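First comes the structure, then the notes that go with it.
We count residues from 1, following the sequence as given. The structure displayed is predicted, hence computed values, not measured ones.
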Amino acid sequence: MAALRVFLTLAICLLLGHQTFARNDAPCQHSKFNNGFNTFVKRHIRSGTPNNVNQNEWYDYIKNNGGCDRPTQSFLPTRDLERVKAVCTNKGGKVYKDNLCISREPFTFVTVRSELGTCGIRSVRLENKHLILACEELSNQCLPVHFEGNSENAVPSNNARGCQDPRISDDAPSNRLTTWLGLLSVLLLIIYGYQN
């Protein structure tokens, strides 16, 4: 009986701990990271970035301003800050999946690929794509907290709801509900097995 209690306690702790680190299942839910937007801006909308695709200039910029630890980085012009924030609204974005929104319009940005830890530049490309951003609520405002790559050149679906539309999507079941149903199922199986 004592072993069963220890096992149940451990299972509950693991499942609750897993829920704590799960990403939001829809855009514009309360963020678990208060500094997410500031980190996003610091990484992707920096002032002083080169306004060209010259590898030498990007090498100097990344080496002097940090980022050698990130092999792929995308940089948006500072003038686009308000447009980028608007992706996390009904006007500027649509739900892509989970907590990701996709911009209604394409953006032009620079993607730099470098050798991890060395700052050696492999490529610098000017891209024009729809942005895919994780959007979460911070200080009562839905803001971008993560830049997701768009390697498939995805575009927003005509049927997708707006980024801040409160309706729950039928094709995206709640992670919390799934976690709790899983926990309940495991507990019932353990209790049933222990009684037999």
Exercise for the section: State whether the side chain of Ser103 and the backbone N or O of Leu131 hold a donor-acceptor pair below 3.5 Å, judged by distance alone. Expected result: yes
Exercise for the section: Tell me whether Val112 is reachable from Leu126 by hopping between hydrophobic residues (I, L, V, M, F, W, Y) whose side-chain heavy atoms are closer than 4.5 Å. Expected result: yes
Problem - Pair listing, ring pair (Phe, Tyr, Trp, His ring centres under 6.0 Å) test, anchored in residues 46-94, at least two apart - result: Trp58-Tyr61, Trp58-Phe75
Handout entry: Other residues, nucleotides, ligands: >12 heavy atoms within 6.0 Å of Glu105 CD
Key = no
Problem - Side-chain donor-acceptor contact under 3.5 Å, Gln164 with Thr89 - result: no
Exercise for the section: Measure the shortest side-chain to side-chain distance between Cys88 and Leu143 over non-hydrogen atoms and say whether it is less than 4.5 angstrom. Expected result: no
Problem - Beyond-backbone contact of Thr49 with Val110, side-chain heavy atoms, under 4.5 angstrom - result: no
Handout entry: Minimum heavy-atom distance Val145-Phe37, with the two atoms named
Key = CG1-N, 3.8 Å
Practice task
Could you tell me whether the side chain of Arg104 and the main chain of Lys91 form a donor-acceptor pair under 3.5 Å?
Solution key: yes
Handout entry: Any side-chain heavy-atom pair of His130 and Pro156 under 4.5 Å
Key = yes
Exercise for the section: Grab the two heavy atoms, one from Asn90 and one from Asp165, that are nearest each other, plus how far apart they are. Expected result: OD1-N, 3.0 Å
Problem - Donor-acceptor under 3.5 Å (Asp98 side chain, Leu100 main chain) - result: no
Practice task
Would you give the length of the straight line joining atom CD1 of Ile132 to atom CD1 of Ile102, rounded to the nearest 0.5 angstrom?
Solution key: 4.5 Å
Handout entry: SG(Cys28) to SG(Cys163) below 2.5 Å
Key = no
Problem - Any side-chain heavy-atom pair of Val95 and Pro27 under 4.5 Å - result: yes
Fill in the blank from the handout: Correct closest heavy-atom pair for Asn38 and Asn35 would be ND2-OD1, 2.9 Å
Practice task
Would you mind reporting whether Cys101 and Leu133 have side-chain heavy atoms less than 4.5 Å apart?
Solution key: no
Exercise for the section: Could you state whether Leu138 and Phe33 fall into the same hydrophobic cluster, counting links through intermediate Ile, Leu, Val, Met, Phe, Trp or Tyr residues with side-chain heavy atoms under 4.5 angstrom apart? Expected result: no
Practice task
Could you grab the distance from atom CD of Glu136 to atom CG of Asn99, nearest 0.5 Å is fine?
Solution key: 5.0 Å
Exercise for the section: Would you tell me whether Lys32 and Asn24 have side-chain atoms, one donor and one acceptor, within less than 3.5 Å of each other? Expected result: yes
Handout entry: Qualifying residues under ring pair (Phe, Tyr, Trp, His ring centres under 6.0 Å), relative to His44, sequence neighbours excluded
Key = Phe40, Phe147
Practice task
Side-chain contact test, heavy atoms from C-beta onward, threshold under 4.5 Å: evaluate it for Gln55 versus Arg122 and give yes or no.
Solution key: no
Completion exercise
One should read off an interatomic distance between Arg125 CZ and Ser74 OG, to the nearest 0.5 angstrom, of 8.5 Å
Handout entry: Lys129 (side chain) donor-acceptor with Ala154 (main chain) under 3.5 angstrom
Key = no
Problem - Distance-only polar pair, side chains of Thr72 and Arg113, donor-acceptor under 3.5 Å - result: yes
Exercise for the section: Drop me the distance from Asn150's CG to Tyr96's OH, to the nearest 0.5 angstrom. Expected result: 6.0 Å
Completion exercise
Here the gap from Asn159 atom CG to Lys94 atom NZ, rounded to the nearest 0.5 Å, amounts to 7.5 Å
Practice task
Test side-chain contact (heavy atoms from CB on, under 4.5 Å) on Cys68 and Ile62 and set out the steps.
Solution key: CA-CA 7 Å; Cys68 295; Ile62 290 174; 4.2 Å; yes
Practice task
Spell out, as yes or no, whether a donor-acceptor pair under 3.5 Å connects the side chain of Arg46 to the backbone of Lys42.
Solution key: yes
Practice task
Verify the cluster assignment for Val84 and Phe109: are they in a single hydrophobic cluster under the rule of side-chain heavy atoms below 4.5 Å apart?
Solution key: yes
Practice task
Would you check if there is a donor-acceptor pair between the side chains of Ser47 and Thr78 at a distance under 3.5 Å?
Solution key: no
Exercise for the section: Keeping to residues at least two apart or across chains, list the salt bridge (Lys or Arg N to Asp or Glu O under 4.0 Å) pairs with something in residues 68-81. Expected result: Asp80-Arg83
Problem - Approximate separation, where rounding is to 0.5 Å, of Gln29 CD and Cys135 SG - result: 11.5 Å
Exercise for the section: Might you point out which heavy atoms bring Ala26 and Arg161 nearest each other, and give the distance in Å? Expected result: CB-NH2, 4.2 Å
